[in-house]
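Down below is the structure, laid out as structure tokens.
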Amino acid sequence: MNCRSLAGAVIQALDRNSCLRLLEDSSAVSHLAQTHAQVVVCGYKNDISTITKLIHKLCDFKAVAYARALFLSVPKPDLFLFNVLIRGSSNCGSPLSSVSLFTYLRNNTYLRPDNFTYAFTVSASSGIPDEKFGILLHAQAVVDGYGSDLFVGSSLVDFYFTFSKVEMAQKVFDRMLEKDTVLWNTMISGLVKNCCYEDSIAVFAKMAAGSGVRLDPTSVSSVLPAAAELQLLNIGLGIQCLSVKLGLSSHVHVLTGLISLYSKCGDMKTSKALFENIIRPDLISYNAMISGYTTNADSESSLRLFKELLGLGFQVNSSTIVGLIPVFYPFGHLLLTCGIHGFCVKSGIISNPAVSTALTTAYSRLNEIESARLLFNESKEKTLASWNAMISGYTKNGLTEKAISLFQDMQVSKMDPNPVTVTSILSACAQIGSLSLGKWVYDMIRRKGFLSNLYVLTALIDMYTKCGSIEDARKLFDDAPEKNVVTWNTMISGYGLHGHGQEAIDLFDEMMKSNIVPSAVTFLSVLYACSHAGLVDEGQKIFHSMVHDFGFEPLSEHYACMVDILGRAGKLEKALEFIQTMTVEPSPPVWGALLGACMIHKNTRLAQLASEKLFNLDPENVGYRVLLSNILSVDKKYAQAASVRQVVKQRNLVKTPGATLLEIGDIPYVFTAGDHSHPQKEAIYALLEKLSGKILEAGYKPETMTALHDVEEEEKELIMRIHSEKLAITFGLIQTNPGIEIRIFKNLRVCLDCHSWTKFVSKITERVIVVRDANRFHHFRDGACSCGDYW
DNA sequence: GTAGGGTTAG
């Protein structure tokens, strides 16, 4: 209270009722302070009901410190006053004070807590990180005879749901002899909070059908998110009909819930109609619409509504922003992302962890991984989701080492990984082919009980196939209690990766028998499997079936697969004809597949046609130019080959350097072409020399020489450099005992010469050599490769 | 009643 307002206030004698009325009508803490002065002047400072009213009002205005001070001045507070302050403290974000007031009440007064006391204190204990307070209160309430009180019961149900103790919540609910709307509503919303969507819907149905209890807008709006989450439009429709019948359908909460439901089911037309039905849409209903447009990829409408919201003078909140942000990355809107980032900084919304996490994701999806990292570093409160967003940002951008090192930082900072974290890390292991790290993660998954999570399981299967252990992957797959379309796709593509085309087709057939609805990726996976195994007829059949039986509009990627299948089989003209039948514009991979086939089957004419298209569509890609240059060299068109390479040089295009990973025990070794940095390089180069002699005797013919005609000296040296896979295999031979399988991982496709070299080395050393290249696995054994020279 | 992080092809 300041002096001016005190001086300005007309202090006059008032009766008690007038004092109470003044308190009731106060609309700010400053008014209350003035009235407080009058209360004192008029001699009511010891009137408990006046003081209680004042404390109650102070709590409503969040002036909890003032309220507490006043409370302490009351010589003999009664139970009602205690209850008011317990509830007030809890509502003002000080749940611990509520509990300590309760303790004080029990230990230092002769008062006995009643059902209100318990209800308010239990509610407060839902806001304390430690669950023990609520559990203790539950026990005391039962002892004091309030165990089946409705008020107390509802707070207890809410408390147990807050701490994810679904069974306990259910138990308390079941034991309540009498159930009212609030109790049912608490149950419905608690189940939703704990992702028990089906149960939530079931409880709602029971409430509506036979409980005899009245449904209110909260009942309906509590259950709607469950239907939305499960995308059960029919259930949602039923709820909508019911709420119309009960006259609840014009309530803004109900309408907002329905908007969200229809949006999540992809029906923005209905959402829009519902939104237009709201007489005075509030921020939350706007948010629901914006997020709906965003998830349905209507960036224009989403942004329009956002601008409208700002224009109406609404103070947008974090939900608005989080619902809007994903609009930016599918369309590459980097500038708009930066704009909204600036807006968040200016308005202070950036401090909300959900906002900074969403922005981190946006930047990493836009390949602005550095910006993502800066934002991550700057964000004050790093939640589990923020760490996960950054880690997955790295794996999605192929920066696996950074992902793994951030994962280590995360553990150092004592943030406990969850299934989401683990899924990203497994994906990183799969990318780099690190079986040792993958197995370590698997160990952690078992310890933490994450194996029941379908994302984790699928990522684990993927990790095993990509790290070369297709059998282990299949075992996990067969033992899986639950599989979705992605799990099946993963296993099918795993077979493809290893060249096991028939197994992939068999699994695909089995999938169809299990009535799993295939996706576009399912067909891509099985078609790639056909291409890696040379199954031409089967591939054509599946493509045909995809279009005619399953009604899929083939994507450019599907065409690329078919071109690959036909091309590898030598049916180059047919592949070209196939491209000409395409209904969509052929993308670079389509022409790339044709170009690759031209390399295998030495067709310079078509190669030139394909590369002309490619150089237009994807001028920065060096791979295609190198491929064309090699094709020309093989055809002895040296001058043309040189001019293709010249372009690469002139434009300063960067070729991805080849590298190979080999793990001995848990230690990873990385080799690059012509690597002389290795401590055991002498032994490696000596053995390389020795092997070279032996395999030449056995009939090996180096394949690089043809490409070396008419090449500048400097360049020749580059080409002559020994490829990293040869160095890695040789090192593996030195480091491991005879008979042990050698596994290596190459980041690019293995070249023709290295492929042939490895075949011979596997024969003379009697070793199984497993090579994972950028495309697939090669299992070399006794002079032959599992790919049947088909890659 | 609205909202952030995860798996599959190439």
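Throughout, protein chains are lettered first and strands after them, A, B, ... in sequence-line order, and every chain is numbered starting at 1. None of the values given here were measured: they were computed from a predicted structure.
- Within the nucleic acid shown, Pro419(A) comes within 4.0 Å of at least one base atom, counting heavy atoms only.
- Looking at heavy-atom distances under 4.0 Å, Ser424(A) makes contact with sugar-phosphate atoms alone, never a base.
- Every residue two or more places apart in sequence or in another chain that forms a side chain to side chain contact (heavy atoms under 4.5 Å, CB included) with Ser587(A) is listed here: Ser556(A), Pro589(A), Val590(A).
- On the nucleic acid side, DNA chain B has its first and last nucleotide under 4.0 Å of a heavy atom of chain A at dG1(B) to dG10(B), going 5' to 3'.
- Here Lys396(A) lies in heavy-atom contact (under 4.0 Å) with sugar-phosphate atoms only.
- Tyr455(A) contributes atom OH, which lies 15.5 Å from atom CZ of Phe450(A) (distance to the nearest 0.5 angstrom).
- As judged by a 4.0 angstrom heavy-atom cut-off over every strand, Val485(A) is placed among residues making no nucleic acid contact.
- In this structure, Thr490(A) reaches the sugar-phosphate backbone alone: every heavy-atom distance under 4.0 Å involves primed, P, OP1 or OP2 atoms, never a base.
- Using a 4.0 Å heavy-atom cutoff across all strands shown, Thr383(A) reaches at least one base atom of the nucleic acid.
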Chi angles and distances behind the salt bridge (charged side-chain N to carboxylate O under 4.0 Å, His left out) call for Arg304(A), Asp298(A): CA-CA 10 Å; Arg304(A) 197 198 63 235; Asp298(A) 185 351; over 6 Å; no
Residue pair Phe552(A), His558(A): steps toward the ring pair (Phe, Tyr, Trp, His ring centres under 6.0 Å) verdict: CA-CA 10 Å; Phe552(A) 272 82; His558(A) 294 107; 7.2 Å; no
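- Lys483(A) comes within contact range of no nucleotide atom at all, as no heavy-atom separation falls under 4.0 Å.
- For residues 553-567 of chain A, the set of pairs meeting the salt bridge (charged side-chain N to carboxylate O under 4.0 Å, His left out) definition, not counting sequence neighbours, comprises Asp564(A)-Arg568(A).
- Residue Tyr528(A) is in sugar-phosphate contact alone, with no base atom involved, counting any heavy-atom pair closer than 4.0 Å across all strands shown.
- His251(A) contributes a side-chain N or O that, together with a main-chain N or O of His253(A), makes up a donor-acceptor pair within less than 3.5 Å.
- Contact annotation for Ser319(A): base contact, defined as any heavy-atom pair under 4.0 Å involving a base atom.
- Using a 30° and 60° split on the angle between ring planes, Phe578(A) and Phe543(A) fall in the perpendicular class, above 60°.
- Pro225(A) comes within 4.0 angstrom of the backbone, heavy atoms only, and of no base.
- Leu384(A) comes within contact range of at least one nucleobase, with a heavy-atom separation under 4.0 Å.
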